[in-house]
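Okay, so here's the structure we're looking at.
Just so it is clear, the model here is predicted, and its values are computed rather than measured. As a basis for the values below, the full set of heavy atoms in this structure was taken, side chains included, without hydrogen atoms, waters or symmetry mates.
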Amino acid sequence: MQYIIKRSKRRTIALEINSSGQIIVRSPFRISDSFIDQLVQKKKQWILNKIKLINKRILKKVIKRFGEGECFLFLGKKYKLRINQKQKEKIVLNTEICLKEKDKLKIKENILNWYKKEALMYFSKRIKFLASKYDFKYNNIAISNAKKRLGVCNQYNDIRINWRLILSPIEVIDYVIIHELVHTKIKNHSKNYWNSVNLILPNYKKMEKWLKDNREEVFFND
Ligand SMILES: [Zn+2]
């Protein structure tokens with residue numbers, strides 16, 4: 001089994017499999033190569049299981065080419081991309097996403113910018129509404145471009161929501177917003193925290209399931 005050893009001033013050993021399936025051992029300086037090798041052998045089954053899982057994830061990855069006819073999610077519904085030079089507006093959403101763009105290389109940029117613009121408009125309004133409805137106080141709202149997370153609330157109660165969430169159905173968006181708003185009062189994921197979420201959204205587990213089932217589609221090309 002091949003692995004990379006990275007030594008540093010840390011105190012403990014950690015085994016890690018990165019997203020391309022490489023095995024990395026993070027170790028303090030004083031630990032010998034042979035000790036590390038024994039550890040890797042001992043953990044062989046765990047490593048193999050992890051690699052299997054990562055490979056599965058790589059296979060499921062959704063890669064968009066941004067070509068005509070390709071499907072894109074918006075507020076939980078699928079729309080085909082149509083290129084139409086005759087329309088006035090840059091992007092029109094009806095039964096399809098219609099884009100006016102002559103330059104094929106700019107299609108991706110147009111679509112991503114449109115998602116981000118819609119996300120900012122929709123999320124700002126919705127956070128304001130849900131915060132006043134359920135009596136939460138937050139500081140700032142921003143749109144994020146995070147690789148993995150859809151929402152985050154920091155210690156100053158600034159809320160950041162990933163633009164990719166605009167691909168989800170509105171009830172899923174509400175769940176992520178409520179999730180972060182509850183964090184303005186409770187900073188952890190304790191039982192108390194989940195009880196508070198449950199009081200507002202008794203069916204929040206259904207939303208989590210949607211996010212899990214559609215994760216690759218929401219995080220396309222990442
Ligand atoms: Zn959380």
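- Looking at Ile111 and Lys108, their side chains never come closer than 4.5 Å, going by heavy atoms from C-beta outward.
- One side chain, Asn188 or Ser190, offers a donor N or O that lies under 3.5 Å from an acceptor on the other.
- In this view, Lys137 and Asp135 satisfy the salt bridge (Lys or Arg N to Asp or Glu O under 4.0 Å) rule, not counting sequence neighbours.
- Judged by distance alone, with hydrogens and angles left aside, the side-chain atoms of Arg65 form no donor-acceptor pair with the main-chain N or O of Gly67 at under 3.5 Å.
- Using the six-membered ring where Trp is involved, Phe72 and Tyr115 have ring planes that are tilted, between 30° and 60° apart.
- Side chain to side chain, Asn157 and Lys187 meet the donor-acceptor criterion of an N or O pair below 3.5 Å.
- Checked by atom type, the side-chain pair Asn214/Glu217 shows no donor-acceptor distance below 3.5 Å.
- A donor-acceptor pair is defined here as one N or O able to donate and one able to accept, closer than 3.5 Å; such a pair exists between the side chain of Arg215 and the backbone of Lys148.
- Across every non-hydrogen atom of Ile200 and Ile178, the tightest pair is CG2-CD1, 3.8 Å.
- Ring to ring, His179 and Tyr204 are not that close: their centroids are 6.0 angstrom or more apart.
- Taking Phe35 as the reference, Ile13, Ile31, Ser32 meet the side chain to side chain contact (heavy atoms under 4.5 Å, CB included) condition, with sequence neighbours excluded.
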Yes or no on salt bridge (charged side-chain N to carboxylate O under 4.0 Å, His left out) for Asp33 and Arg7, after CA distance, side-chain angles and deciding distance?
CA-CA 11 Å; Asp33 282 4; Arg7 285 191 167 85; 2.8 Å; yes

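- Around atom NZ of Lys90, more than 12 heavy atoms belonging to other residues, nucleotides or ligands sit under 6.0 Å away.
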Determine, step by step, whether Lys100 and Glu89 satisfy the salt bridge (charged side-chain N to carboxylate O under 4.0 Å, His left out) criterion, reporting the C-alpha distance in whole Å, the side-chain angles of both residues, the deciding distance to 0.1 Å, and the verdict.
CA-CA 7 Å; Lys100 183 183 182 178; Glu89 310 269 333; over 6 Å; no

Checking ring-ring contact (aromatic ring centres under 6.0 Å, His included) for the pair Trp114/Phe74: CA distance, chi angles, key distance, verdict?
CA-CA 11 Å; Trp114 171 71; Phe74 182 72; 4.7 Å; yes

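- Residues Asp37 and Tyr3 bring a donor and an acceptor atom of their side chains to less than 3.5 Å of each other.
- In this structure, Lys6 does not pair ionically with Glu16, as no charged nitrogen and carboxylate oxygen lie closer than 4.0 Å.
- Asp158 and Asn139 form a side-chain donor-acceptor contact under 3.5 Å, judged by distance and modelled atom types alone.
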